[in-house]
2 protein chains.
Amino acid sequence: MSENEKLTEERIFEAAEIVFEEEGLAGARMQTIADRAGINKALLHYYFRTKDHLFEAVFTKLAKKMFMKFTPIFEKDLSLEEKIRFFFREHITFMQQNPKLPGFILNEINHNPQRIQKLIKNIDFKYLWLTILEHHENELYKYNLTEETLPQILTSIASMSVFPFAAKGILEVVFENLGVDFDKYIELRKEFAADFVIKAITR
Amino acid sequence: MSENEKLTEERIFEAAEIVFEEEGLAGARMQTIADRAGINKALLHYYFRTKDHLFEAVFTKLAKKMFMKFTPIFEKDLSLEEKIRFFFREHITFMQQNPKLPGFILNEINHNPQRIQKLIKNIDFKYLWLTILEHHENELYKYNLTEETLPQILTSIASMSVFPFAAKGILEVVFENLGVDFDKYIELRKEFAADFVIKAITR
DNA sequence: AATACATTTGACCGTTTGGTTAAACCTTAT
DNA sequence: ATAAGGTTTAACCAAACGGTCAAATGTATT
């Protein structure tokens, strides 16, 4: 019963993750999710009252899954360069396993920015910056890292890893034309992106 | 009459551009487009038979508008460094005027990759590479530019300019927390991105 | 075995959606 | 003036959609 319940709710949730990720909130159909979970459509509403409830649950979990991959880097005891290399390796590997996640999250946030607000509103970015200051005080000059350059540098790092997946649909077509394999390109990117960024920010 | 026809069709098309760009194919409603164009819904189907027809027309125009901004750089008579600076200035300025375009196009292509195929299938990327070889033969070594690094470098350039707009919804919330203004960040990015890339690829 | 309660289903409901139709309207050519 | 043909509209349609309901089924408690 409680065993079975977990199973059913889990099956629904997993089906919803796949369908929402593929079709988006507007494109997803409750019937499709029910079919994929192998259950009646009414049972969907028994566990998650409305489509919005179900989507909210799925989105929150997936968004956290995504952003959680960003923060732990700040806490590691590594040099800045090692942190950058570590980030690209870990983050790109994670996206290899969830290639549709970046596009899904970016799109849904653009369609409804309030959704992300409550997820990251309680993160204190100023504190994060102070942590960097503290841990890497002697490296700041070497990398020309100031409070002013920080937004540019951080978004550059994020873009280098996220963009290839957010633009996967285009890149695969372009690469085919060039005889380049997308998966190999991604594998190479783990190191290329790290080299690229470190070279760019080192004085 | 023919004057009026142009006007009506144009009004519909412009309304459709806005609605599709904001809501996406799945989220857009024909009624919303009709309202925005100030006409009857039936008139929509008189000019563009189906929703898919209308979307196809809008998407093709917008996608071309976007990709057209990429190609002319190859033909300019500038040094590689000047080309990179020129690209970021022009491309980011274009996106400032169409901030929702990148997210829209990326998302729709991910949801239906065939759509982009016929748009860029006839572009010969190998030829583009040969053009670069020819125009910048003596600069290739300086920038460590080879047929193998080209995909990594080109996607890095694209990501540096496109990502901030594709992730606008997230960045605006994060920046608010940091006391950073998105528009000022974008203005600064035109030069930062160029410096960043040139520094990264110069030996 | 009987009660109570949670789970699952098929049938159903009201609304929204993309799309159609027949008639009204407008413009132009004769 | 009127016939002809393109343009615009209100009313309508069938299908798809999110959501509900009462009944059926399963499960644990006494």
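To find a chain, count down the sequence lines: A is the first, B the second, and so on, and within it residues start at 1. Heavy atoms only: backbone and side chains are in, while hydrogens, waters and symmetry mates are out.
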Rounding to a whole Å, what distance do you find between [X]:[atom1] and [N]:[atom2]?
X: A/L44; N: D/dT20; atom1: CG; atom2: P; result: 13 Å
X: B/R29; N: D/dC17; atom1: CZ; atom2: P; result: 10 Å
X: B/Y46; N: C/dA24; atom1: OH; atom2: P; result: 18 Å
X: A/D52; N: D/dC17; atom1: CG; atom2: P; result: 16 Å
X: A/M30; N: C/dC12; atom1: CE; atom2: P; result: 21 Å
X: A/Q31; N: C/dA11; atom1: CD; atom2: C1'; result: 13 Å
X: A/L43; N: D/dG19; atom1: CG; atom2: C1'; result: 14 Å
X: B/F48; N: C/dG18; atom1: CZ; atom2: P; result: 16 Å

- request: Using a strict 4.0 Å threshold on nitrogen-to-oxygen distance, state whether B/K61 and B/E56 make a salt bridge.
  value: no
message: Salt bridge check, B/K41 against B/D35: does any charged N sit closer than 4.0 Å to a carboxylate O?
response: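 No, no charged N to carboxylate O under 4.0 Å.
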message: Measuring to OP1 and OP2 of D/dT8, would you say a side-chain N or O of B/N40 lies under 4.0 angstrom away?
response: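 No, B/N40 has no side-chain N/O under 4.0 Å of OP1/OP2 on D/dT8.
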[X] has a side chain; which of [options] sits nearest to it?
X: B/T8; options: D/dT8, C/dT21, D/dT20; result: D/dT8
X: B/K41; options: C/dT20, C/dT9, C/dG19; result: C/dG19
X: B/T50; options: D/dT9, C/dG19, D/dT7; result: C/dG19

- prompt: Where does the angle between the aromatic ring planes of A/F175 and A/F182 fall among parallel (under 30°), tilted (30 to 60°) and perpendicular (over 60°)?
  reply: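 Answer is tilted, since the angle falls between 30° and 60°.
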- request: Look at all strands and tell whether A/A28 reaches a base, only sugar-phosphate, or nothing, counting heavy atoms closer than 4.0 Å.
  value: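 Sugar-phosphate only.
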field: Under-3.5 Å donor-acceptor pair between B/K51 side chain and C/dG19 base
entry: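 A donor-acceptor contact between them is absent.
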Salt bridge (charged side-chain N to carboxylate O under 4.0 Å, His left out) between B/E82 and B/K76, intermediate numbers included: CA-CA 10 Å; B/E82 286 170 323; B/K76 292 251 177 215; over 6 Å; no
message: Testing A/F13, A/F48, A/F20 one by one against A/F55 for a ring pair (Phe, Tyr, Trp, His ring centres under 6.0 Å), which residue passes?
response: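 Considering A/F13, A/F48, A/F20, a ring pair (Phe, Tyr, Trp, His ring centres under 6.0 Å) with A/F55 is found only for A/F20.
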